[in-house]
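So that the names make sense, note that chain A is the first sequence line, chain B the second, and so on, each numbered from 1.
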Amino acid sequence: MAYWLMKSEPDAYSWQQMVKDKKTGWSGVRNYQAANNMKAMKIGDEAFFYHSNEGKEIVGTVKISKLYHPDPSDESGKFGMVEVTAGSAFKTPVGLAEIKVHEKLKDMAFVRQSRLSVSPVTAAEWKVICKLGGV
DNA sequence: GCCAACGTTGGC
DNA sequence: GCCAACGTTGGC
C-alpha cells in the first residue's frame with residue numbers, strides 16, 4: 001500500500017467536481033516523472049487531492065481504482081493516466097503554509113518539487129496529514 | 001502580474 | 001550529447 005499526492009487546479013478540476021463525479025480519469029499529465037509515479041500506483045493506493053493555485057491546500061483523499069493505461073487525450077502516445085475514486089473529504093483542509101512549517105511535513109516531495117503534479121507521500125506523512133484534516 | 005524553478009525543444 | 005532558448009507551473 002502506497003500513498004500519493006495529486007494536484008489539480010480548482011479551475012480545471014475541483015474537489016467538489018471530484019465528489020460529484022465519484023470517480024474520474026486523471027488524464028492530461030504530460031510530465032515523465034509524474035507519469036512514472038502513476039505507473040507505480042496500485043489498485044487501492046490512496047492519494048491526497050490538492051488544490052493548486054486557488055486554495056493551495058489538501059482537501060480530501062482519493063483511491064486508485066484503475067491502473068495506469070494510455071491516455072487517449074495524448075496524441076503522442078507517450079503518457080498515460082489512472083482512474084481515481086473519491087475518498088474522504090477533509091473536515092479541515094490542510095494548507096501549504098501549514099505543511100511548510102510543520103516539522104514532520106516540511107520535507108515532503110511536493111513541497112520540495114513544487115511543479116511535480118503527482119508525487120509520493122510517506123506513510124508517516126499520510127498519518128499526520130489525515131489527523132490534521134480530521135479524517 | 002511577477003518571477004523562480006525546472007522540463008522540453010532544437011540547433012550545433 | 002551539450003546547452004541556450006523557450007514554455008509552463010505554481011507560489012507569492
Side-chain angles (χ1 to χ4, degrees):
Chain A
M1 171 68 85
Y3 301 103
W4 311 93
L5 181 140
M6 303 172 90
K7 289 198 225 179
S8 183
E9 291 186 41
D11 281 349
Y13 193 81
S14 68
W15 171 251
Q16 286 71 27
Q17 191 65 41
M18 177 80 248
V19 169
K20 209 173 137 198
D21 292 347
K22 295 200 174 60
K23 65 179 179 182
T24 192
W26 207 267
S27 61
V29 172
R30 297 293 179 269
N31 172 286
Y32 289 108
Q33 224 181 322
N36 273 333
N37 285 332
M38 290 201 295
K39 254 183 224 175
M41 290 176 177
K42 299 212 169 58
I43 304 283
D45 278 3
E46 295 190 83
F48 289 126
F49 192 107
Y50 176 80
H51 274 167
S52 65
N53 257 323
E54 293 293 316
K56 279 166 285 182
E57 57 193 11
I58 297 171
V59 286
T61 68
V62 295
K63 271 196 166 74
I64 311 306
S65 51
K66 202 169 174 188
L67 290 177
Y68 189 82
H69 58 284
D71 178 353
S73 73
D74 174 29
E75 286 172 21
S76 72
K78 289 179 195 158
F79 296 100
M81 58 188 274
V82 294
E83 181 191 82
V84 300
T85 302
S88 345
F90 275 15
K91 289 193 186 71
T92 317
V94 180
L96 178 64
E98 194 179 346
I99 290 168
K100 276 187 158 173
V101 298
H102 195 289
E103 197 51 40
K104 295 207 170 93
L105 305 176
K106 60 179 169 50
D107 289 326
M108 285 182 72
F110 97 102
V111 175
R112 291 201 317 268
Q113 252 183 298
S114 67
R115 291 191 52 203
L116 188 58
S117 59
V118 181
S119 59
V121 171
T122 68
E125 289 160 355
W126 181 268
K127 254 188 165 172
V128 172
I129 292 172
C130 282
K131 202 168 178 186
L132 291 174
V135 297

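A straight line from CE of Met108(A) to P of dG10(C) spans 15 Å, rounded to a whole angstrom. We find that NZ of Lys56(A) is positioned 6 Å from P of dG11(C), with the value rounded to whole Å. Per the geometry, CD1 belonging to Ile58(A) stands 11 Å off P belonging to dG11(C), to the nearest Å. Distance CD1 (Ile99(A)) to P (dG11(C)): 10 Å, rounded to an integer number of Å. Rounding to whole angstrom units, NE2 of residue His51(A) and P of dG11(C) are separated by 12 Å. Rounded to whole angstrom, the span from the CG atom of Asp11(A) across to the P atom of dG11(C) amounts to 13 Å. Asn31(A) places its CG atom 7 Å from the C1' atom of dG7(B), with the value rounded to the nearest Å. Rounded to a whole Å, the CZ atom of Arg115(A) is 16 Å from the P atom of dC12(C).
If you check every strand for non-hydrogen atoms under 4.0 Å, Phe110(A) touches nothing. Within the 4.0 angstrom heavy-atom criterion, no nucleotide atom of any strand lies near Leu116(A).
Aromatic ring centroids of Phe48(A) and Phe110(A) lie 6.0 Å or more apart. Taking the ring centroids of Trp26(A) and Tyr68(A), they lie at or beyond the 6.0 Å cut-off.
Between Asp71(A) and Lys78(A) the shortest side-chain heavy-atom distance does not fall below 4.5 Å.
The residue among Asn53(A) and Gln113(A) whose nearest nucleotide of DNA chain B is located toward the 5' end is Asn53(A).
Within the 3.5 Å criterion, the main-chain N or O of Glu9(A) finds no donor-acceptor partner in the side chain of Asn53(A).
Residue Ile43(A) shares its hydrophobic cluster (ILVMFWY side chains chained together at separations under 4.5 Å) with Leu67(A).
For the OP1/OP2 pair of dC6(B) and a distance below 4.0 Å, the side-chain nitrogens and oxygens of Tyr32(A) include no atom meeting the criterion. An OP1 or OP2 oxygen of dT9(C) is reached within less than 4.0 angstrom by no side-chain nitrogen or oxygen of Lys7(A). Distances shown here put a side-chain N or O of Lys100(A) below 4.0 Å from the OP1 or OP2 atom of dC12(C).
Checking dT8(B), dG7(B), dG11(C) against the side-chain heavy atoms of Leu96(A) singles out dG11(C) as nearest.
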